[in-house]
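All ligand and atom numbering here is 1-based and tracks the order in the structure. Here the structure is a predicted model, which is why all the values come from computation and not from measurement.
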Amino acid sequence: MKIYKKKIIMIKPDDFHVHLRDGKILKKIANYTGKYYNKVIVMPNLKNPINTIKKALKYKKKIVNSSKKNKFIPLMTFYITENSNIKELEIGFLKKIFFSAKLYFKNSTNLSQYGISNLSKINKILEKMEELKIPLMIHGEIYSKNIDIFSREIFFIKNVLPKIRKNFPNLKIVLEHISTKNSAKYVLNNPPNIAATVTPHHLLYNRNDIFSNGINPHLYCLPILNKRNHQKYLIKTVTSGNKYFFLGSDSAPHLISKKENFCGSPGIFNAPTSLIIYLKIFEKMKKLKNFESFCSINGSKFYNLPLNKEKIIFKKKNWIVKNNIKINKNKKISIFLGKQTLSWKITKKK
Ligand code: NCD
Ligand code: ZN
């Protein structure tokens, strides 16, 4: 990595957690991800969840066709349910169609209705994953009417994760989009089989920002932004360069009509701005020297993937973020930090 006053050159980053959706939305957004990222783990929570080889191959093809301008490597994930077909995952993994499997707890987030409610029902699949070294990606929140929304992740870390780890100590686990100090500490205290991704929005904002000058539905995501002390702890940990933390933007587009709604959907579309936001955070903390590890090295090392050969160049230059992306005549997706001025820009020129 080379850091100059107004220029940074480093290995092109990877995004280890992205929602690309399907249909028109996929076609309109995929190139944004390819502009900034090379290896990309694609979330399987479509309306028809990705849980067979056939579905994964079809979806992957659509992704590749939608990102011809800015190519990237889509890594497909298997959606775990209580009656998963283990053979599909096993064969899919051995044939390199599935890279990992994703665990959602029932009703914990968008399209998690096929997720699990009883851990013992997935013992067999976790056993197989541990044996074959298939990474398990977890949305670590337990949904129940009796658990406060700001404590769902903490409940998972305290009461559920230790059980999974006790039964499957060699299973490779990534806690996705962590939002609390509790998750970060758990990862720090339990090497080497557990890591975490952190989003730009959980680093940039805390729960007060959702409610500043009114309610901002575009800052609603899951896990919900938490208290400022959690945000501060995440910033400190991520910028420290610790190798168990890496980039996963959780870019999750929803139409504006679904966000600004009597019952708005969780998810923030940040693909056009995520990388620059991370950069801004490392710069502010005076930790630019650790930026490349977080974006381009730690994740690949944890997943045993080769580092990217491509480089990326940032130049200090102001630019104004587009406000939204048009899907068709009256459907739009709002961009995270739309209309704001960012001070670094990706360029192709040296
Ligand atoms: C994601 C989505 O919209 O699919 N939403 C979100 O708030 N992060 C699902 C998820 O990753 O939880
Ligand atoms: Zn997600």
Side-chain angles (χ1 to χ4, degrees), residues 14-23 25-26 29-30 33 37 40-51 59 63 74-80 99-116 135-143 149-150 152-153 156 173-180 183 195-207 209-210 216-226 234 246-261 263-271 273-274 277 299 325 327 333-336:
D14 300 305
D15 189 344
F16 287 118
H17 184 130
V18 178
H19 301 266
L20 293 174
R21 312 300 191 211
D22 204 349
I25 297 188
L26 167 65
I29 63 155
T33 289
Y37 302 107
V40 172
I41 300 189
V42 182
M43 288 301 118
N45 63 332
L46 299 188
K47 280 189 193 120
N48 183 357
I50 303 298
N51 56 3
Y59 188 33
I63 294 168
L75 301 169
M76 309 309 287
T77 329
F78 178 92
Y79 191 125
I80 298 176
F99 174 74
S100 56
K102 176 80 187 266
L103 173 56
Y104 292 100
F105 294 95
K106 202 177 179 65
N107 298 333
S108 61
T109 187
N110 186 42
L111 295 165
S112 64
Q113 61 269 37
Y114 319 102
I116 71 143
L136 174 68
M137 307 174 72
I138 309 183
H139 183 119
E141 283 193 285
I142 304 298
Y143 175 80
I149 183 166
F150 296 102
R152 284 179 197 160
E153 186 177 292
F156 165 77
I173 295 177
V174 180
L175 302 180
E176 297 301 318
H177 42 52
I178 59 168
S179 64
T180 60
S183 298
T197 58
V198 188
T199 76
H201 38 280
H202 287 98
L203 294 172
L204 191 65
Y205 289 134
N206 62 65
R207 68 188 194 183
D209 295 295
I210 308 175
N216 184 345
H218 295 284
L219 290 186
Y220 174 48
C221 65
L222 289 171
I224 194 155
L225 301 175
N226 217 307
L234 291 177
F246 50 86
L247 194 157
S249 70
D250 195 20
S251 182
H254 290 276
L255 294 177
I256 293 183
S257 56
K258 295 267 166 66
K259 297 288 295 170
E260 298 172 6
N261 190 295
C263 189
S265 302
I268 293 176
F269 175 60
N270 62 25
T273 49
S274 53
I277 299 168
I325 289 169
I327 302 300
I333 288 168
S334 174
I335 299 175
F336 187 51

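- The closest approach between any non-hydrogen atom of H17 and ligand 1 is below 4.0 Å.
- The atom name of the N/O/S atom in H17 closest to the Zn ion (ligand 2) is NE2.
- The protein heavy atom nearest to atom 8 (N) of ligand 1 is D250 OD2, 2.7 Å.
- Under 4.0 Å from ligand 1, not a single heavy atom of E141 appears.
- Put simply, the side chain of P49 does not reach to within 4.5 Å of the side chain of P44, judged on heavy atoms.
- Contacts between N45 and ligand 1, counted as non-hydrogen atom pairs separated by less than 4.0 Å, involve the side chain only.
- Within 6.0 Å of atom NZ in K106, more than 12 heavy atoms from other residues, nucleotides or ligands are found, so the atom counts as buried in its surroundings.
- Within D250, the N, O or S atom at minimum distance from the Zn ion (ligand 2) carries the name OD1.
- Nearest protein heavy-atom contact of atom 1 (C) of ligand 1 is H19 NE2, 3.7 Å.
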Full working for side chain to side chain contact (heavy atoms under 4.5 Å, CB included) between V198 and L203: CA-CA 8 Å; V198 188; L203 294 172; 3.7 Å; yes

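- Side-chain contact between L111 and K47: present, with at least one pair of heavy atoms (C-beta onward) separated by less than 4.5 Å.
- When non-hydrogen atoms are compared, ligand 1 lies under 4.0 Å from the side chain of H139 (C-beta onward) but not from its backbone.
- Each of the atoms 6 (C), 7 (O), 8 (N), 12 (O) of ligand 1 lies under 4.0 Å from some heavy atom of L222.
- Among the backbone and side-chain atoms of H19, an N/O/S atom is found under 2.8 Å from the Zn ion (ligand 2).
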Test ring-ring contact (aromatic ring centres under 6.0 Å, His included) applied to Y143 and F105, step by step: CA-CA 7 Å; Y143 175 80; F105 294 95; over 10 Å; no

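- Among the candidates R152, H201, E141, E153, the single residue satisfying the side chain to side chain donor-acceptor pair (under 3.5 Å) test with S179 is E153.
- When heavy-atom distances to ligand 1 are checked against a 4.0 Å cut-off, E176 has no atom that comes that close, whether in backbone or side chain.
- In terms of modelled atom types and a separation under 3.5 Å, the side chain of K259 and the main chain of G267 share a donor-acceptor contact.
- For ligand 1, the polar-atom distance check finds no N/O of Y220 at less than 3.5 Å from any of the ligand's N/O atoms.
- Taking every heavy atom of T109 and a limit of under 4.0 angstrom, the matching atoms of ligand 1 come to 5 (N), 9 (C), 10 (C), 12 (O).
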Test log, rule side chain to side chain contact (heavy atoms under 4.5 Å, CB included), inputs I41 and S100: CA-CA 9 Å; I41 300 189; S100 56; 4.2 Å; yes

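- Side-chain contact annotation: S183 with T180, donor-acceptor N/O pair under 3.5 Å present.
- Proximity to C221 (heavy-atom distance under 4.0 Å) selects the following atoms of ligand 1: 7 (O).
- Between the side chain of R21 and the main chain of P253, a donor-acceptor pair closer than 3.5 Å is present.
- Side-chain contact between N45 and H139 is absent, with no heavy-atom pair separated by less than 4.5 Å.
- Among protein heavy atoms, atom 5 (N) of ligand 1 sits closest to P266 O, 3.2 Å.
- Here E176 fails the criterion, with no N, O or S atom under 2.8 Å of the Zn ion (ligand 2).
- The side chain of A252, and not its backbone, has at least one atom closer than 4.0 Å to an atom of ligand 1 (non-hydrogen atoms only; side chain from C-beta on).
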